[in-house]
Amino acid sequence: MTIHTDYEDDGQALVLYIQGFFDYSLHKEFRQAYKGVEGIRRYIIDLSETEYMDSSALGMLLLLREFASDQGSEVVLRNCSREVRKILEVANFQRLFQIEAQA
Amino acid sequence: MGERAAGGPPTFLIVDDELVNAMLLEAIVGARGFHVITAADGEAAVARFQEQPVDMVLMDIMLPKLDGYEATRRIKAMDPEGFVPVIFVTAITDEQRLAQCIEAGGEDFVTKPISRVQLNAKIDAWLRTRALYRTVTAQRDALGSHQERLEREQETAERIVARASASEALEAPGVWYYYRPAAILSGDILLAARRPTGSLLLLIGDFTGHGIGAAAGVPGTAHIFYERTARGAHPAELLDAINASLADTLPADMFLAAALVELDLHGGRLGVWNAGMPPVWLIRSDGVAATFPSVDLPLGVVWDGARGRRQLAYEALPTGAWLYACSDGIVEAADPEGNLFGVAGVEAVLTGSPPGAGFERLLAEVGRFRGGQEQLDDATLVAVDLDRLLTEGGLQDHGVGMVESWQSELVLDAATLSHANPVPPIINLLSELGALEADRQSLYLVVAELFNNALDHGLLQLDSRLKYSDEGFEAYYRERARALASLEAGEIRLRVHLDGQASTGRGVVIEVADSGPGFDYNAAPDDAAGDRLPAGRGLRLVRALCEEVTFFPPGNRVRVRYTSGGG
């Protein structure tokens, strides 16, 4: 599995760890990872093990954001490497997401 | 002589000059079904013994020509290893002379008149002793030749391992190493090679166990290491390849704990990936500059979930620093009470020594600590004087300095496009041939976007607005897979040109052309509102990351220029 999940904050935060290539080949797995999980206040995308991401990954993040805001929840991008952070900033994602740099 | 082929009844040599006595003995022995030969004097006895195999001798003392003592001495001298028991049969009762029988080399004696029961009992006892002796001798001989064969085989294996793992790069100035197996063959592995970029790669590892079993994994691992490194593989890819090979070929209980170190002197940084080895240390005169502990599962334990997962942790290269890495054999050296030297012990010696003295001092301290105890595990230690390697390491002859300009073109036809993704190999090529690590992600995105645009919209004519909803996102990729599978004609050309002489930094020109009808590039959306849409972002990202983006009519060819550190 290139995506694995975990819970934080007594089950109110869902963490998705994305390994390797974050691109369209993950879209099913990515969607399944957050759909159908109840009572989540924060969706945390952990990018510490992400090698590369392309624009379809950004598209998937936006779909998650839409899904989360329908439920009144937020999306946090965590442990971005400098390179990934640069891509997110070029796409102006800091306006849409809370972005946390590498721990 | 004196030896009898296995099987068949034992042969007795009966020596007596009196015919009646000889006949009596022959009758007793013959009744048991044993084979009998006779001699009437000492000389004849020695001659008979020489002529044919004999299992036991019944010897008279008083004999013509040569007495029984002397005949026995000669028989024993002829066959010192054979162990043919000699039992004296004599009328003499003088204890002194009986004792002489044993001194002459005889095993036992019986006195006349002969008691059939007593003689048979002695014969049986000595036949049993002889059988036992022969079994032990045969086992000793078998063990000896087995040992000899094992040693020969170990020496052959040792030569194979030594040949496979010999690292010329270990002889670089500034590199010190110590490599001491516990048996002839070591399960420790120490490999070094230069990447085409000039970086020095060091692999220090420890296969489970030691001796011949542990060494079995060494040649294959060394082969992959040298071959992939020479071909310019990224260290992460190299580790994946070794892992896959070991997971494939080794039994489940065998694996390789390893640390891979990349000394990227041009890039001014050092990377370490450590899985199951003692920490790798960077030491300066003021103490520990950095430690790289084990962060991953050893190689060969599991099949990989994701490629490229094994990433080296990089640090800027400090000046005046030494790198130290060792195997368990150093950290777990034990004193006579069984206490271990320990990671803390190693660190104390390294930080307590002047820079550069740590290598010798650590080996001396570990030796003293062991206090004459045998070394139980293979032990390896490597130290690198980074300043010296940088100044004398001959790096100017390698890699980046020499990469000034190159270009490569890839033409993919419909059949290839349906199952191959050219983006990862292109990125590997770029990073091996001079593109900076810091640009990898951005270059990946640029190449991937341009390629996907050419494929999705140029050739497959898909509409990315489909991706605006969750369902649409899936529908889009379903449609893409369907269209790709039925793609029969068309091609995509990818041209990559690295210009190492660009005055403002290293430039990469990427050109992608497809055989589709083209699109209206002037109408491509470029407004901030598009940021919130899940699609149509690719091209705007490319524009943001690249210095120049040029489309050529009729809109099926695009050329971009990416500058290192740009965007």
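The model shown is predicted, which means the values in this text are computed figures rather than measured ones. Convention: sequence-line order gives letters A, B, ...; per-chain numbering from 1.
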Could you walk me through whether A:Leu58 and B:Leu541 pass side chain to side chain contact (heavy atoms under 4.5 Å, CB included), step by step? CA-CA 11 Å; A:Leu58 301 179; B:Leu541 278 170; 3.3 Å; yes
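Distance check: A:Lys86 NZ to B:Asp439 CG gives 6.0 Å after rounding to the nearest 0.5 Å. Distance check: A:Tyr24 OH to B:Asp456 CG gives 7.5 Å after rounding to the nearest 0.5 Å.
When every heavy atom of B:Leu445 is checked against every heavy atom of A:Ser55, the shortest pair comes out as CD1-N, 4.3 Å.
Ring geometry for A:Tyr52 against B:Tyr444 counts as parallel: the plane angle stays under 30°, on a 0 to 90° scale with 60° as the upper cut. Below 30°, between 30° and 60°, or above 60°: for A:His27 and B:Phe473 the angle between ring planes is above 60°, a perpendicular geometry.
B:Gln441 contributes a side-chain N or O that, together with a main-chain N or O of A:Met53, makes up a donor-acceptor pair within less than 3.5 Å.
Contact annotation for B:Glu449: only side-chain heavy atoms (C-beta onward) come within less than 4.5 Å of a heavy atom of chain A.
Counting non-hydrogen atoms of neighbouring residues, nucleotides and ligands closer than 6.0 angstrom, the CG atom of A:Asp70 exceeds 12 such neighbours.
In this structure the side chain of A:Glu49 never reaches within 4.5 angstrom of the side chain of B:Gln311, judged on heavy atoms.
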